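Predicted model only: the values in this text are computed from it and were never measured.
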Amino acid sequence: MADKLELTWVGKNEKINIEPRILIEDKKLSNIKNSVDTKNMLIHGDNLLALKALKEKYTGKIKCIYIDPPFNTGAAFEHYNDNLEHSIWLNLMYKRVLEFHNLLAKDGVIVIEIDDNEMPYLRVILDEIFGRNKFVASISVKSNNISGNKTANKGKTILRNKDNIIVYKKGDNVSIVPQYIERNRWDTHYNSFIEFEGDKVKEIRKLKDVLIENKIINSKGTIKEEIIEKKEFYDFILKYQNNICRLVNSISKSMKEESLKHPNEVIKFIDDNNIVRYALNGNRISFLTSAINNIDGNEKFSQLLGDLWTDIDFQNTQNEGGVSFPASKKPEYLIRRILNMFTKPGDIVLDSFLGSGTTCAVAHKMNRRWIGVEMGEHIYSHCIKRINNVINGKDTSGISKYDDSKHIGGGYRFYELAPTLIKEDSFGEPIINKEYNAEMLASAVALHEGFKYNPSNERFWKQSVGNENSYLYVTTKFINKNDINKIKEEMNDTEYLVIACTAYDKEIDGIYKNIKIKKIPEMLLSKCEFGKDNYNLNIINLPEYEEELEDDQ
């Protein structure tokens with residue numbers, strides 16, 4: 001195998017065999033009153049374990065993953081050592097990125113918000129797992145203003161007032177919807193006005209003269225950038241966007257030469273995309289209509305957005321969604337823009353560092369399917385309340401005012417991660433966790449063995465399906481020769497069965513070629529590490545959240 005460029009750190013090659021856990025619905029916390037068939041999921045628990053739990057049903061199905069993981073700073077660790085703790089952060093992020101890659105659809109993207117400290121390292125990890133050619137963009141977002149206490153160290157460092165958003169794609173066929181922002185200054189290069197008769201040019205005039213005729217400016221007035229603030233002017237340019245124009249030099253060589261043969265004359269031509277174009281004196285005529293776009297339901301004089309976003313307000317988001325979460329809360333408008341760029345209604349969105357629930361709330365408002373994972377207790381105090389407010393139509397904050405955010409109703413199911421399947425008894429011997437009932441045990445063993453839990457109504461032993469001819473039967477009863485003979489009588493010669501049980505008669509071992517007996521928990525011990533409930537990046541100083549304000553505040 002050829003050498004490849006990759007980042008190394010302490011413990012990178014230490015394999016983590018994560019226990020696949022089943023998800024247990026808490027029906028008291030699920031909200032399915034308006035949508036019994038909802039596929040939206042809110043999951044409480046360690047997100048690495050949760051990603052593993054999602055693998056069976058969602059591999060290759062997630063359209064957009066957005067995460068805002070904890071940044072790795074010295075304050076995040078009890079005893080900070082740059083080599084050791086940095087390696088812990090990298091290792092556990094690496095494991096998550098591997099799971100993200102599996103879950104993403106071929107036309108899906110992962111969007112990660114990260115600070116400058118870890119951004120370069122994370123880029124190398126993403127290059128390794130996704131491929132360097134799958135890098136889409138690194139977006140800089142203005143996240144705060146530098147003022148007050150933030151200026152205390154201005155003589156010692158360059159103060160940060162931006163976040164980084166890294167975007168990678170899974171495959172090659174990713175569709176990105178261009179985003180536009182409104183221009184608040186007039187482009188004075190648009191200085192001409194063309195009058196048409198049908199599709200023929202009747203006359204070319206100065207825009208200023210036309211504005212004077214329409215009493216938008218007086219005869220001594222000038223067209224300055226600030227004129228955009230005048231309502232009469234704005235209404236005029238929207239109405240006559242197909243007449244107002246400027247000259248640009250982006251034109252094919254052949255059409256340039258043809259245009260120069262007809263000095264001061266507008267000529268018409270068809271470009272390579274079969275679009276009607278006009279040229280004058282070797283330049284292409286660009287009409288204002290190309291700079292008019294729909295922004296939030298209205299036609300606006302606009303600018304195509306690139307990788308520098310300075311227009312999003314991060315300062316007034318504390319109480320969006322009806323919950324107070326001042327530390328690290330992201331504006332709904334930021335998530336809306338990301339989802340508008342990379343998803344469409346019905347697509348599945350995943351956020352495994354959910355925080356106060358912003359991503360799921362926005363996805364719900366925009367009629368996307370969503371999965372949210374959060375390990376903190378604020379999943380109960382913040383996320384549930386916030387999403388219920390959206391469903392019940394009580395949330396009028398954030399992006400609720402936009403036409404694409406009028407989706408109310410719907411629902412979600414709330415899940416807890418199942419506890420570890422195997423524990424140790426008082427003698428240090430592995431035993432099946434007593435918290436597992438028969439159905440949970442059968443489902444969990446099926447997940448470990450690569451079967452799908454789907455009990456048959458006709459044959460009790462057809463409990464889980466591997467393919468059309470292989471089955472798994474899990475039981476805690478003692479299996480003897482009489483039991484296995486009865487099952488064999490019901491089986492076809494082409495069917496294969498694995499029986500997982502806590503004990504069985506040794507004389508039946510290997511009695512039938514198409515029936516294999518395994519003993520639990522021994523059959524599972526080498527598959528993964530049991531008893532570990534926390535892969536939480538070793539961060540101890542999580543953000544402190546203010547108490548929620550009363551609704552009337």
Side-chain angles (χ1 to χ4, degrees), residues 25-44 64 66 68 296-298 312-340 343-416 543-553:
E25 183 181 359
D26 186 335
K27 294 184 179 180
K28 292 181 180 179
L29 295 179
S30 292
N31 187 338
I32 61 170
K33 181 174 63 175
N34 300 317
S35 181
V36 176
D37 297 326
T38 182
K39 298 297 190 296
N40 297 329
M41 303 173 69
L42 194 56
I43 304 170
H44 178 235
C64 178
Y66 168 84
D68 178 20
D296 301 328
N298 297 299
I312 297 176
D313 182 12
F314 275 67
Q315 309 308 310
N316 297 294
T317 63
Q318 297 94 328
N319 294 304
E320 281 189 349
V323 294
S324 179
F325 197 91
S328 303
K329 191 175 186 181
K330 294 300 181 284
E332 288 196 4
Y333 194 88
L334 174 66
I335 307 302
R336 176 179 183 259
R337 176 172 290 169
I338 291 168
L339 298 190
N340 270 330
T343 70
K344 60 183 183 299
D347 285 339
I348 306 176
V349 177
L350 167 67
D351 185 346
S352 62
F353 293 89
L354 190 55
S356 68
T358 303
T359 302
C360 294
V362 172
H364 200 93
K365 292 179 182 182
M366 297 178 68
N367 201 19
R368 273 65 168 170
R369 289 174 56 189
W370 52 264
I371 301 171
V373 182
E374 177 53 50
M375 65 174 288
E377 292 301 304
H378 45 277
I379 194 168
Y380 305 111
S381 60
H382 289 68
C383 299
I384 288 176
K385 178 180 178 181
R386 183 173 189 171
I387 298 168
N388 284 344
N389 282 342
V390 175
I391 291 171
N392 298 331
K394 294 181 179 179
D395 180 10
T396 58
S397 65
I399 67 165
S400 298
K401 61 184 178 181
Y402 298 112
D403 288 341
D404 64 349
S405 303
K406 300 300 183 184
H407 180 74
I408 59 175
Y412 63 89
R413 295 186 182 275
F414 188 95
Y415 295 91
E416 297 280 358
E544 294 182 2
Y545 310 115
E546 295 179 359
E547 293 294 323
E548 288 187 41
L549 300 176
E550 296 297 327
D551 289 345
D552 62 353
Q553 292 181 295

Applying side-chain hydrogen bond (donor to acceptor under 3.5 Å, both in side chains), name anything that partners [X], two or more places apart in sequence or on another chain.
X	value
Glu332	Lys365, Arg386
Asn388	Asn31, Tyr412
Asp313	Asn316
Arg369	none

Before you tell me yes or no, could you show the steps for Ile391 and Lys33 under side-chain contact (heavy atoms from CB on, under 4.5 Å), namely the whole-Å CA-CA distance, both residues' side-chain angles and the distance that decides it to 0.1 Å? CA-CA 10 Å; Ile391 291 171; Lys33 181 174 63 175; over 6 Å; no
May I have the step-by-step check of side-chain contact (heavy atoms from CB on, under 4.5 Å) for Leu42 and Leu354, ending in yes or no? CA-CA 9 Å; Leu42 194 56; Leu354 190 55; 3.5 Å; yes
Is there a side-chain contact (heavy atoms from CB on, under 4.5 Å) between His44 and Leu29 once you walk through the steps? CA-CA 11 Å; His44 178 235; Leu29 295 179; over 6 Å; no
Quick one: pull up [atom1] in [X] and [atom2] in [Y] and give me the separation to the nearest 0.5 Å.
X	Y	atom1	atom2	result
Tyr66	Leu339	OH	CG	10.0 Å
Ile348	Ile371	CD1	CD1	6.0 Å
Arg336	Asp296	CZ	CG	4.5 Å
Ile384	Ser30	CD1	OG	9.0 Å

Within-4.5 Å side-chain heavy-atom neighbours: Tyr333 and Val362: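 With C-beta onward as the side chain, the pair stays apart.
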A side-chain contact here means heavy atoms from C-beta on lying under 4.5 Å apart; do Met366 and Asn340 qualify?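 In short, these two side chains touch, coming nearer than 4.5 Å.
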Ignoring hydrogens, what is the shortest heavy-atom contact between [X] and [Y]? Give both atom names and the distance.
X	Y	answer
Ile387	Cys360	CD1-CB, 3.8 Å
Ile408	Val390	CG2-O, 3.6 Å
Gly410	Ser35	C-CB, 3.6 Å
Glu25	Arg413	OE2-NH1, 2.9 Å

According to ring-ring contact (aromatic ring centres under 6.0 Å, His included), who are the partners of Phe414, at least two apart in sequence or on a separate chain?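 Scan of Phe414 (ring-ring contact (aromatic ring centres under 6.0 Å, His included), adjacent residues dropped) gives Tyr380.
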Could you work out, with salt bridge (charged side-chain N to carboxylate O under 4.0 Å, His left out) as the rule, every residue matching Lys394, not counting sequence neighbours?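 Lys394 satisfies salt bridge (charged side-chain N to carboxylate O under 4.0 Å, His left out) with no residue once adjacent residues are dropped.
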Counting only N and O atoms by type, is there a donor-acceptor contact under 3.5 Å from the side chain of [X] to the main-chain atoms of [Y]?
X	Y	result
Asn40	Gly411	yes
Ser400	Asp395	yes
His382	Glu377	no

